[in-house]
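Taking it in order: structure first as structure tokens, then the write-up.
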Amino acid sequence: MKQKACQAGRIAACAGMILLGGTVRAQDPPTPSDPDPLSAVIRKNLADQAAQLDALRSELARQDQQIAQLKRALAAQEADYRALRHAVGADVLDQQRAGNVAAAGRMAAALPMPDDAAPVLQSQERPVGKAPERDQRPPEVAPIFDQPGVLTARGKLVVEPSYQFAYSSNERVALIGYTVIPAVLIGLVDARQVKTTTQTGALAFRYGVNNRMELELRVPYVYGHTDTISREIFTGSATDKVFTSHGHGIGDIEATARYQMNDGGADRPYYIGWLRVKSRTGKDPFEVTTDCVSRCVQNTTGTGLPLELPRGSGFYSVQPGLTWLFPSDPVVFFGNVSYLHNFPRSHVTRTVLAGGKEPLGTVKVGDIVDASVGMGLALNEKASFSIGYDLSLVGLTRQNGQKVAGTARSVLGTLLVGGSYRYDSKRTLNFTLGVGVTRDTPDATVTVRVPMMY
């Protein structure tokens, strides 16, 4: 009976399993041909949530960019604010007030701050942003010397046309005879008055190699006119005679390199070293014809003066120099010091009247030591005024190693007054008036420059 009961139980269990398997088989996932709607809804929800997350990420990135821009703008405003406070001296006033006010409260009296409290306040400050970059170039002043103080910016080209007018007069009286009584002379008189007018138009090109170095090329065109009023010796003439000569053409072309040696600033000088090389492209004094029938040394019938004025010196020259500027608000002090060396020239001949040649041998003109000093004052944002003094010491001229008769060392002194007006950021008008204070210096010199930047 027990065995039958076990078999019946087993049969019932098998039947139950068969029925359960059918139920489970009936609840299996549908085949691909019959998709489940619940799974599609879940996938759609996941896709929508992913799209929302991407949108949130994009919004966060955009907000981060806006925050960064606001931080940069805040830093720039903070730097400008600090610069303005420093310019008006508000930082010093705050430091004097903050000492006891911070300790006693807002209603405390504003007493000067002790010296030992200053480091505490300074240590609490934190720099915000980046301060504006300090201009490392020298300040601009009205240029009255040949050397500019402000160099050309990197990659910029400055074209500077200029015009110079110079006038000089010189008088010479030679007496040959003997004195009978004081103030009574019997003999011949040679009285000469020389009036020279020189006009020079030049075109200069300056290019900024970098922020500290520039190169310059200057091409001048010279026109000269001389009137010599004289009563010539050995003629016994009682009337004045006028001998006129003139000439025009390309002068001596020059090339200059300038380099700013240091970074100056307020109460700190700027130093600019420069080197100039001068050619002899202009017609020199040995090429023009001299008013002599034969050798000028032995001739007494001619004037001994050139029939045509030269446009160049006739010698190659090199001139190193140093320019300095010292800003001391509101004035800028400046100056130059240089040494001009003229190279000797061999086998020199002079052209005399009727096509003759007079050999002169080796000629060496004197070197020149030059020093100048001045000061400039800015009147407003566009106009400035400068005044200065230039002094040059000219050495002796030698021929074949010997001093040339009648030559002496010369001292040239010029008082310079100039002004500058800036039309815009690319054009400036400069004006200079020079007045000679020594006998050998031109009486008056007027120079106009118009630098234009490209």
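Numbers here simply count residues along the sequence, with the first being 1. Values in this document were obtained by computation on a predicted structure and should not be read as measured data.
Taking 4.5 Å as the limit, every side-chain heavy atom of L307 sits out of range of all side-chain heavy atoms of S245. F165 is not listed as a side-chain neighbour of T198, based on a closest heavy-atom distance of 4.5 Å or more. Using a 4.5 Å heavy-atom threshold, the side chains of Q49 and L53 count as separate. R311 places none of its side-chain heavy atoms less than 4.5 Å from the side chain of I250. When side chains are defined from C-beta on, P327 does not count as touching F333, because their heavy atoms never get closer than 4.5 Å. Using a 4.5 Å cut-off on side-chain heavy atoms (C-beta onward), Y167 and T445 make no contact. Between D367 and N342, some side-chain heavy-atom pair lies under the 4.5 Å cut-off. Annotation: side chain of R258 is in contact with side chain of E216 (closest heavy-atom distance under 4.5 Å).
A salt bridge links K283 and E308; the closest N-O separation between the charged side-chain nitrogens and carboxylate oxygens is under 4.0 Å. For D284 and R345, the salt-bridge test passes: some basic side-chain N is under 4.0 Å from an acidic carboxylate O. Ion pairing of D227 with K195 is absent here, as no side-chain N (NZ or NE/NH1/NH2) approaches a carboxylate O to less than 4.0 Å.
Between the N262 side chain and the P269 main chain, a donor and an acceptor come within less than 3.5 Å of each other. Without hydrogens or angle criteria, T256 side chain to W274 main chain gives no donor-acceptor distance under 3.5 Å. Under the 3.5 Å distance criterion, the side-chain polar atoms of S372 are left unmatched by any main-chain donor or acceptor of Y389.
Atom CD of Q63 has more than 12 heavy atoms from other residues, nucleotides or ligands within 6.0 Å.
Here the CD1-CG distance, from I368 to L393, works out to 9.5 Å after rounding to the nearest 0.5 Å.
With 3.5 Å as the limit, one finds no donor-acceptor pair spanning the side chains of K364 and T397. Side chains of D252 and S279: a donor-acceptor N/O pair is absent below 3.5 angstrom, by distance only. Donor-acceptor pairing under 3.5 Å is recorded for the side chains of S169 and D443.
The aromatic rings of Y423 and Y421 lie perpendicular to each other, with more than 60° between the two planes, well past the 30° mark. Below 30°, between 30° and 60°, or above 60°: for H225 and Y223 the angle between ring planes is below 30°, a parallel geometry.
Of all heavy-atom pairs between K278 and S313, the closest is NZ-OG, 2.7 Å. Nearest heavy-atom pair, E214 versus R206, reported as atom, atom and distance to 0.1 Å: OE2-CD, 3.5 Å. Looking at every heavy atom in both residues, L215 comes nearest to A257 through CD2-CB, 3.7 Å.
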